[in-house]
Colleague: 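The structure that follows is given in the form of structure tokens.
One-based numbering, in listed order, for ligands and for the atoms of each. These values consider heavy atoms only, across backbone and side chains, with no hydrogens, waters or symmetry-generated copies. Since the model is a prediction, treat every value here as computed from it, not as a measurement.
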Amino acid sequence: MANFDIVNAFTDKSWLDEMAGKLARKMAYGAKKAREVGWMPYSTKDGGWAETRIGWWTNGFWPASMWQMYLMTGDQLFREEALRAELMLDDALKDFKNLSHDVGFMWLIHSGVRYALEHDQDSFDRTLFAADMLACRYNVNGFIRAWNPAGREGWAIVDCMMNLPILYWASRQTDDPRYRLMAMKHADTTARYFVRPDGSCNHIVIFDAETGEYLDNPAGQGSASGSSWSRGQAWALYGFTLSCIHTGKQEYLDTARRVANYFISQCEGDWLPRCDFRQPPEPVIRDNAAGNIAACGLLELARCLPEAEGSRYFDAAVNILKAQERDAANWTESDPAIFTKCTALYNDPKQHHMTMTYGDYYFIEAVNKLRGEKLLFWNP
Ligand code: GLY
């Protein structure tokens, strides 16, 4: 039986054309503003790109957005900005001691993509070096260490599911199964210790780094230990879907489906995901990044499933994308970013309802998927 076809199923072509036109204008404005500053865009302040440090984990999303826009429009402005940003990121690669597990976000989705499109050897080397840095973080007890500070040797986080594709990529490029095997062990550990029976997830799990024994699950970026940080749910939803696509392992598909069902159950109605699905009812804190990431995951999950089942995930993705766009997109030139209700951290009110380049990135990715793009960015 054929799998669900998201492109044929999306009949609202006028919405898609409207979004493509708005993205082309807004992202060209953002790219011009980026060239005026000496740092990588992440969030905005006073109508311009706020200053960041080059090692910040989100920095691959800017050049990745530029490649998505180049594929959408063919406009060289976007390709040139992607290459400029890729070169800027070499300072982060050189400072490899300070890299975290986020190297997939930082290099696969632009250097890996550039290598796939243009066979640039430097882009290949950057991506493989980043994969090696992630492989170095593997603890033989079956998990990837998330962060560097002393005392965090045994900390793993659900977000890492989205960095595993760089390991699958490295195995394919080198014909060496070790990268893939490490990724699968980490995914197995995540399925076991992070994903709860109802499909909600822990953000952080602390293991004993010597023995691998489970120790604790602190709150992380959600509201409390045992809560359900929606972006963590989204990372798990999309991450397990990608691990299934890369390995064919049925358990990853089943886990993605369980997380997706929970995610949908928590936002159907207004389709505007809250920052934490178990946060107190007031104030209502949203996270547009969680919604756009989940929408991309739901579209890919739909593509992995037969017609009848896929349509449920497809419909949910489209509902989220349209609801968030109506509620929170800023298409004007008062600010170079688009989505205004992204939340970095539940327990820091200063980081509520802010702009974030990766909130915008996943919206662009979703629009490109609905226009026919075939997962180049997570499987280049
Ligand atoms: N990966 C960190 C975050 O989602 O905020």
Colleague: Kindly indicate whether a cation-pi arrangement holds for Lys322 with Trp15, taking the cut-offs as under 6.0 Å to the six-membered ring centre and within 45° of the axis.
Modeller: yes
Colleague: Name the residues in contact with ligand 1, where contact means a heavy atom under 4.0 Å away: which are they?
Modeller: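 Answer by chain and number: Trp57, Asp159, Gln221, Trp229, Arg231, Trp235, Tyr358.
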Colleague: Evaluate the criterion ring pair (Phe, Tyr, Trp, His ring centres under 6.0 Å) for residue pair Trp57 and Tyr358; output intermediate values, then yes/no.
Modeller: CA-CA 11 Å; Trp57 73 275; Tyr358 62 101; 4.9 Å; yes
Colleague: So among Ile144, Leu242, Thr247, which one has a side chain to side chain contact (heavy atoms under 4.5 Å, CB included) with Leu164?
Modeller: Ile144
Colleague: Taking the six-membered ring where the residue is Trp, are the ring centres of Trp67 and Trp62 under 6.0 Å apart?
Modeller: no
Colleague: Show me, pair by pair, the donor-acceptor contacts under 3.5 angstrom made by side chains of residues 289-296, not counting sequence neighbours?
Modeller:
unit_1: Asn292; atom_1: OD1; unit_2: Gln324; atom_2: NE2; d: 3.0
unit_1: Asn292; atom_1: ND2; unit_2: Gly359; atom_2: O; d: 2.9

Colleague: Do the charged groups of Arg84 and Glu80 touch, with an N to O distance under 4.0 Å?
Modeller: no
